[in-house]
Amino acid sequence: MSPKNVYLECFGCQMNAFDTEVLESILESEGFGILQDPSEADAILVNTCSVRENAERRAIGRLNDLSRYKGTVLAVCGCMAQRLGDRLFELVPALDIVAGPDNYAALPSAISAAISGEGRKVLVEKDGSVTYRLRSVSGSSPSRYLSVTRGCENYCSYCIVPYVRGSFRSKEAGGVIEDIGLLKASGAKEVTLLGQNVMAYRSGDCGFVDLLGRILEETDIERIRFLTTHPRDVDDGIFTLMAETDRVCPHMHLPFQAGSDRILSMMNRGYTRSGYLDIIDRARALRPDIALTTDVIVGFPGETEDDFEETLDIVERVRFDSAFTFKYSQREGTKAAGLEDDVPVEVKKSRLDNLNAAIRRIRMEIMAARIGSVEEILLDARVKKGEYQFLKGRTLHFRNVLVESENRKPGDTVSVVLKELSKFTFIGEEITGR
Ligand code: 5AD
Ligand code: SF4
């Protein structure tokens with residue numbers, strides 16, 4: 001029998017991007033080929049997100065769009081698959097397989113069965129022990145993701161994740177070290193440790209900061225990053241590590257979501273605005289140049305103009321490098337779905353515009369202040385801009401830089417002087433003679 005080929009597409013967060021790599025490696029190890037073009041594929045697999053209604057609407061649109069490849073097996077996985085289960089067959093009539101995040105090991109056989117004409121299948125049983133160790137590695141980028149925790153039990157009142165991603169679990173520390181070894185062997189210079197709530201990591205006696213200590217000691221990976229952190233779980237030991245070594249990059253993504261204590265409490269976030277600001281103070285006391293990024297929601301039920309002003313106030317005080325900002329989207333089954341979604345859509349939109357304007361202004365100020373400085377850049381890709389070829393990379397603080405260089409390649413770390421800005425990307429020049 002000739003080998004079967006699968007085409008994959010991914011929506012959603014970094015965790016989904018990592019899961020898509022896991023899916024590729026599971027499929028390849030079971031003899032499937034991975035294609036970049038859906039028209040030749042025996043099966044199409046779309047990894048989806050449920051976090052906002054819009055994310056689901058787009059994924060359903062795309063699935064129906066991909067249904068035009070008649071005779072091809074169509075499968076959906078990820079958070080929307082878990083949330084909607086067999087309800088998806090009504091929304092996407094051409095669909096054959098629905099598989100939730102704990103069921104990826106079963107996908108190759110489900111896809112084979114569907115290719116040979118067996119009927120529809122729904123795989124959405126939850127299994128709180130699944131952590132997905134890497135089997136093999138197909139990517140070659142210098143900058144890679146690795147999930148170290150999965151699931152979430154925080155139950156923020158607006159959030160669907162605990163319902164679709166299941167119970168919180170951590171990958172065993174020795175397994176993390178081995179996975180980093182595999183990534184390193186395929187060219188990784190930088191690993192971003194992933195989890196919906198990564199600082200809550202715990203495997204036996206080993207907490208998140210201990211895990212980083214082990215990675216620093218037992219691997220020679222150049223740079224370590226991590227995503228996403230909940231303020232409730234922040235361990236100041238992380239800032240001590242950042243102060244000791246640049247291998248733990250001085251950047252933290254710390255969602256604050258809302259600036260008023262009243263809304264934070266309704267969101268069940270488990271901290272106050274002053275508690276959040278204290279964390280930032282402690283971080284900056286130990287690593288003054290730390291770059292901070294965040295997530296913010298506007299228009300949560302009952303949010304007043306005064307509440308929103310407090311959100312803007314946090315932005316002005318902390319001065320984030322950048323932020324992901326969202327209009328509140330009611331999700332069926334969450335605690336907040338019991339509250340009236342009473343902030344009119346045009347008010348949500350204007351608050352979002354105001355918030356984004358403040359974030360952009362501060363971001364520009366932070367970046368402009370770096371012009372003329374010399375920074376270590378890890379190059380991660382080649383890009384073409386007009387007729388020019390550049391190498392793209394990141395500073396330790398996760399800021400984008402383009403460098404013109406003929407004799408460098410992705411994976412190299414170079415010293416660069418930041419010359420100018422093109423929107424929110426630095427144009428840098430390598431310092432030669434090193
Ligand atoms: N509506 C709007 N934004 C949401 N997020 C999570 N749930 C919702 C929702 N129901 C945002 C949060 C989270 C990010 C991944 O998505 O800011 O940190
Ligand atoms: Fe990621 Fe959450 Fe979206 Fe799932 S619902 S893909 S965990 S952002």
Side-chain angles (χ1 to χ4, degrees), residues 10-19 47-59 78-80 82-84 101 145 147 149-165 168 192 194-200 226-234 252-260 263-264 266-271 273 276 279 292-303 307-308 311-312 314-315 318 320 322-345 347-349 351-353 355-356 359:
C10 181
F11 291 86
C13 63
Q14 293 86 354
M15 184 66 88
N16 262 19
F18 173 76
D19 282 0
N47 200 358
T48 57
C49 173
S50 271
V51 80
R52 282 167 294 276
E53 197 184 343
N54 223 352
E56 291 195 346
R57 207 174 304 129
R58 276 195 305 135
C79 300
M80 185 180 75
Q82 185 70 40
R83 194 178 88 79
L84 293 174
Y145 293 131
S147 81
T149 76
R150 298 180 75 84
C152 179
E153 292 172 26
N154 280 335
Y155 291 97
C156 302
S157 65
Y158 51 81
C159 187
I160 197 72
V161 171
Y163 305 92
V164 291
R165 285 267 172 187
F168 180 79
T192 302
L194 295 180
Q196 267 81 28
N197 190 11
V198 78
M199 233 184 261
F226 53 95
L227 274 177
T228 284
T229 309
H230 191 299
R232 188 155 44 189
D233 300 307
V234 169
M252 180 166 63
H253 186 72
L254 191 66
F256 77 90
Q257 310 295 6
S260 96
I263 299 290
L264 284 172
M266 286 204 287
M267 286 179 162
N268 189 31
R269 289 289 288 173
Y271 55 88
R273 60 180 281 116
Y276 184 88
I279 298 172
L292 296 157
T293 54
T294 198
D295 292 348
V296 193
I297 299 175
V298 298
F300 186 83
E303 185 188 69
D307 293 321
F308 176 64
T311 291
L312 284 178
I314 297 256
V315 166
V318 176
F320 295 99
S322 65
F324 295 112
T325 57
F326 309 103
K327 292 194 285 254
Y328 171 72
S329 163
Q330 190 174 67
R331 307 310 287 132
E332 181 192 342
T334 60
K335 194 103 183 283
L339 302 170
E340 193 190 341
D341 186 6
D342 58 355
V343 179
V345 76
V347 175
K348 284 182 185 167
K349 184 168 180 315
R351 287 182 189 164
L352 192 70
D353 289 347
L355 178 65
N356 287 339
I359 287 164

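All ligand and atom numbering here is 1-based and tracks the order in the structure. Start at 1 with the first residue, then count along the sequence.
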Heavy-atom distance to atom 17 (O) of ligand 1: which of Met267, Gln257, Glu53 wins?
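Selected option, by shortest heavy-atom distance: Gln257.
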
Could I get the full list of salt bridge (charged side-chain N to carboxylate O under 4.0 Å, His left out) partners for Lys348, not counting sequence neighbours?
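Partners of Lys348 by the salt bridge (charged side-chain N to carboxylate O under 4.0 Å, His left out) criterion, ordered by chain and then number, come out as Asp341.
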
Distance filter under 4.0 Å to [X] heavy atoms, resulting ligand 1 atoms:
{"X": "Ile297", "result": "3 (N), 4 (C), 5 (N), 12 (C), 17 (O)"}
{"X": "Arg52", "result": "1 (N), 2 (C), 3 (N), 4 (C), 5 (N), 11 (C), 16 (O)"}
{"X": "Tyr328", "result": "1 (N), 2 (C)"}
{"X": "Arg331", "result": "10 (N)"}

Does Arg58 count as lying over the ring of Phe11, i.e. NZ or CZ under 6.0 Å from the six-ring centre, within 45 degrees of the axis?
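Arg58 over Phe11 ring: no.
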
Is the backbone N or O of Pro301 less than 3.5 Å from a side-chain atom of Asp342, with the two atoms forming a donor-acceptor pair by type?
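Not at all, since once roles are kept as given, no pair shorter than 3.5 Å links the two residues.
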
Given that the side chain starts at C-beta and the backbone is N, CA, C, O, which of these parts of Phe326 lies under 4.0 Å from ligand 1, counting heavy atoms, or is it both or neither?
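Within the 4.0 Å criterion, Phe326 contacts ligand 1 through side-chain atoms alone.
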
Is it true that atom OH of Tyr155 has more than 12 heavy atoms of other residues, nucleotides or ligands lying nearer than 6.0 Å?
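Atom OH in Tyr155 is packed in, count exceeds 12.
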
Test Phe320 against Thr293 for side chain to side chain contact (heavy atoms under 4.5 Å, CB included), laying out the working first.
CA-CA 5 Å; Phe320 295 99; Thr293 54; 5.6 Å; no

Contact check, Lys327 vs ligand 1, heavy-atom distance below 4.0 Å
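Lys327: in contact with ligand 1 (<4.0 Å).
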
Inspect the contact between Asp307 and Arg351 and indicate whether a charged nitrogen and a carboxylate oxygen are less than 4.0 angstrom apart.
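Salt bridge flag = no for Asp307 with Arg351.
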
What do you reckon, does Ser329 have a nitrogen or oxygen under 3.5 Å from a nitrogen or oxygen of ligand 1?
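Yes - when backbone and side-chain N and O of Ser329 are compared with those of ligand 1, one distance drops under 3.5 Å.
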
